[in-house]
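Below is one structure, written out as structure tokens; the observations come after it.
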Amino acid sequence: MSDGHMQRAFEAFSRLTPAIATVNSIDDLLTLVARQAAGAVGVDRCSVYLREDRQNLFRGCAGCSGGAEIGEEIKRWIAGIPADGLTRELLETRRPVIVANARQDQRMIKATVRHWKIRSIMEVPMIFNEEIVGLLLLDDVDAQHSFSDEDAELARAFANLAAVAVAQTRQRLELHSKLDVAGRQLHALRRASAVDEALAELVLEGHSLGELTRSLAELLGKPCALFLPDGTRQAAAQPDGAADGALPRLLEPEVSAHPDVRQAFAANDGNRAFVVGPIPSAGVLHRHLVAPVTLAEEVWGHLVVMEHKARFNGGDLVAVRRAATLIALQVSAERKAVEAEWDSGSSLAAELLGGSDSSMARRRADRLGVDLDSRRVAMVIGSRSGLEEDAPDFRAVAAAFREQAPEFTAHVTAIGGAVAALVEVPDSDDSETFTHENREVFEAVRGALRPSGHLIAGVSTVRGGREGARNAHREARQVVECIRRFSPPDGPQLFTADELGVGSLLLSSSDGEAVAAFAEETVGELVREHSKADLLTTLCSFFDNMGSIRGSAAALGVHENTIRYRLSRIEELTGLAVMHDPDAQLRARLSLLVLLLQGRLPAGLRTPTAPLAPLAAHELEMV
């Protein structure tokens with residue numbers, strides 16, 4: 001190659017030099033190469049092809065025609081295929097190949113000639129480190145061009161210089177890309193580390209799951225939610241500036257049940273964080289980052305973060321995965337604390353109700369700050385079946401008290417095939433009215449257990465001291481046994497000892513079927529016939545007022561003679577002389593208790609102030 005050709009090649013290449021250090025992509029550089037090569041050789045068009053990895057195929061990358069770019073169109077073309085004799089010759093000779101008449105030359109692909117309107121063409125190898133890394137294709141559009149040997153030498157020298165520039169630019173751009181990636185990763189890791197540090201501090205300080213979730217939402221700038229396996233949203237938060245209601249719904253039951261959502265979860269490893277969505281068919285319009293919260297081998301729940309304003313990055317994945325780990329530590333710590341509290345409270349309750357050494361109970365009570373002489377009621381919760389395996393777990397009962405009655409101090413233990421809770425009565429509460437005033441609270445505790453429909457409960461009267469706790473437990477057990485014997489499956493599920501009175505002692509140990517038949521025979525007619533509701537009301541009021549006709553009349557707002565008349569009618573219908581015969585009174589009382597347990601007494605008859613039906617005409621005559 002002559003010095004003149006090299007000089008001209010260097011001059012053309014020198015016009016590329018300022019741009020080589022600033023271009024942001026290989027395609028930009030190749031477009032400049034094509035323009036300078038076309039100008040140096042004196043043709044209208046030049047296109048640049050680069051070699052595919054480890055193949056003798058070259059894909060079009062950039063080009064110019066009359067100074068205009070042809071980059072997008074040229075990228076659909078490949079040189080070096082078996083029918084491409086021009087490129088095959090170049091690979092063999094490693095020198096420029098000139099075609100004077102492209103339409104007649106057998107080395108040319110006819111379809112290529114027609115599409116690009118090629119009349120004559122020169123193909124030049126770009127060689128770097130003894131390897132052909134690319135091709136320059138130079139021609140005039142739809143016009144003949146006479147390429148000289150000098151043109152070939154000039155193009156060859158320029159192509160080799162361009163090959164060096166392409167290789168160096170590739171290395172530079174790859175290095176910059178790696179640096180950019182490393183920078184982004186470093187930024188993401190620093191951000192994840194800041195999130196980790198902030199959340200770890202909250203965990204050490206014992207903050208709640210709700211506070212952890214709120215902090216994570218602010219740190220990530222994205223809405224967050226914590227879901228239990230059943231779809232219950234345990235906690236949720238959104239960052240400042242987020243639209244109202246912009247919270248993750250991905251694991252809510254109606255969304256997670258969608259087939260596309262289930263398929264997305266099935267496709268991901270359940271033990272690692274992963275990205276889901278968007279899934280428009282399920283109403284999920286954003287991507288979500290999901291991280292399982294795992295305790296030992298158990299998936300306790302999932303932490304879900306919704307993409308908001310900015311796309312997820314690697315730091316978000318690391319931060320959310322770490323946040324899920326910290327939440328798992330917090331849940332585990334809370335569980336251990338609650339279990340320790342349960343165990344201590346359960347042990348104390350067992351010692352109070354059992355026959356263990358009183359000094360041991362005293363020492364345990366002192367450690368827990370419990371006064372053994374306090375007033376308490378016992379609540380016993382068991383199953384209708386009476387089977388121990390059907391009884392609730394004492395921990396679930398303790399949790400129900402914490403949720404439904406946080407104002408009460410309850411020590412819960414499993415005993416006798418059921419669960420017993422000793423509930424302290426606040427000093428300000430009246431012993432006579434405590435169970436009546438808090439009946440709905442006890443029912444809420446029972447109702448919070450699952451399956452609540454199979455569970456029954458009895459609540460004792462208020463008792464004081466350790467012996468009183470045992471007596472209270474015995475009372476509550478008797479109430480539960482009464483419910484089990486006399487209440488049907490769809491009947492009442494909770495009673496207090498005050499409601500059943502001393503009759504619970506007799507009913508809890510009697511033959512259920514025989515006593516039920518006795519009650520039906522005794523007062524069943526008063527319940528079956530609606531017209532006799534006033535008689536039933538009067539009988540209940542008579543007993544509530546200690547057998548006093550005057551007291552019943554005052555409670556019901558009627559004349560005393562009305563009470564006497566109604567009691568007489570009861571004697572006619574049932575044969576029970578309740579005004580004079582103590583035995584008849586006992587039979588009637590027990591029968592009413594059975595009806596109460598069966599849920600057959602009309603609403604309102606549990607109190608002496610129940611409303612009375614209007615007086616009949618014959619009753620008015622007696623007043």
Side-chain angles (χ1 to χ4, degrees), residues 180-181 183-203 205 207-229 231-256 258 260-262 264-265 267-294 299-331:
D180 288 342
V181 170
R184 289 194 299 271
Q185 290 177 340
L186 180 60
H187 175 73
L189 290 174
R190 285 176 176 172
R191 185 161 172 259
S193 177
V195 172
D196 182 23
E197 183 177 347
L199 293 182
E201 186 174 346
L202 293 177
V203 170
E205 293 174 356
H207 286 257
S208 68
L209 294 179
E211 291 169 322
L212 289 175
T213 306
R214 283 193 295 274
S215 296
L216 181 62
E218 291 298 333
L219 290 167
L220 295 180
K222 294 176 171 59
C224 303
L226 193 57
F227 288 92
L228 297 180
T232 300
R233 194 159 57 189
Q234 187 77 356
Q238 57 187 39
D240 290 339
D244 292 340
L247 293 173
R249 299 183 58 246
L250 182 66
L251 290 181
E252 291 181 357
E254 61 272 19
V255 178
S256 62
H258 193 279
D260 292 344
V261 177
R262 290 204 306 268
F265 270 76
N268 290 279
D269 182 3
N271 296 319
R272 297 183 62 84
F274 56 91
V275 176
V276 174
I279 308 176
S281 60
V284 180
L285 304 181
H286 299 82
R287 293 200 305 167
H288 289 73
L289 183 54
V290 181
V293 179
T294 306
V299 176
W300 175 86
H302 288 87
L303 175 61
V304 181
V305 179
M306 186 173 77
E307 197 168 60
H308 177 69
K309 292 188 176 179
R311 291 180 62 82
F312 288 134
N313 56 49
D316 291 331
L317 182 65
V318 174
V320 172
R321 186 184 299 160
R322 181 60 179 161
T325 301
L326 291 173
I327 288 173
L329 292 175
Q330 177 69 0
V331 172

State the [atom1]-[atom2] distance between [X] and [Y], to the nearest 0.5 angstrom.
{"X": "Leu289", "Y": "Leu303", "atom1": "CG", "atom2": "CG", "value": "8.0 Å"}
{"X": "Gln238", "Y": "Thr213", "atom1": "CD", "atom2": "OG1", "value": "13.0 Å"}
{"X": "Leu251", "Y": "Arg233", "atom1": "CG", "atom2": "CZ", "value": "10.5 Å"}
{"X": "Leu216", "Y": "Cys224", "atom1": "CG", "atom2": "SG", "value": "4.0 Å"}
{"X": "Gln234", "Y": "Leu228", "atom1": "CD", "atom2": "CG", "value": "4.5 Å"}

Please name the pair of heavy atoms, one in [X] and one in [Y], separated by the smallest distance, quoted to 0.1 Å.
{"X": "Ala291", "Y": "Ala273", "answer": "CB-CB, 4.0 Å"}
{"X": "Gly210", "Y": "Ala235", "answer": "CA-CB, 3.9 Å"}
{"X": "Pro239", "Y": "Ala217", "answer": "CB-O, 3.5 Å"}
{"X": "Val261", "Y": "Ala282", "answer": "CG2-CB, 3.6 Å"}

Is there a side-chain contact between [X] and [Y], using heavy atoms and a 4.5 Å cut-off?
{"X": "Met306", "Y": "Lys222", "result": "no"}
{"X": "His302", "Y": "Pro292", "result": "yes"}
{"X": "Glu218", "Y": "Asp240", "result": "yes"}
{"X": "Val276", "Y": "Leu250", "result": "yes"}
{"X": "His258", "Y": "Ser281", "result": "yes"}
{"X": "Trp300", "Y": "Thr294", "result": "no"}

| query | Got a sec, which residues hit salt bridge (charged side-chain N to carboxylate O under 4.0 Å, His left out) with Arg249, two or more places apart in sequence or on another chain? | reply |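 With neighbours one apart ignored, the set is Glu252, Glu254.
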| salt bridge (Lys or Arg N to Asp or Glu O under 4.0 Å) contacts touching residues 274-291 (sequence neighbours left out) |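 Residue pairs passing salt bridge (Lys or Arg N to Asp or Glu O under 4.0 Å), neighbours aside: Arg287-Glu307.
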| request: Would you confirm whether His288, through its side chain, and His286, through its main-chain N or O, come within 3.5 Å as a donor-acceptor pair? | output: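 Indeed, once roles are kept as given, a pair shorter than 3.5 Å links the two residues.
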| request: Kindly determine whether Val299 and Val293 satisfy side chain to side chain contact (heavy atoms under 4.5 Å, CB included), including the steps that lead there. | output: CA-CA 6 Å; Val299 176; Val293 179; over 6 Å; no
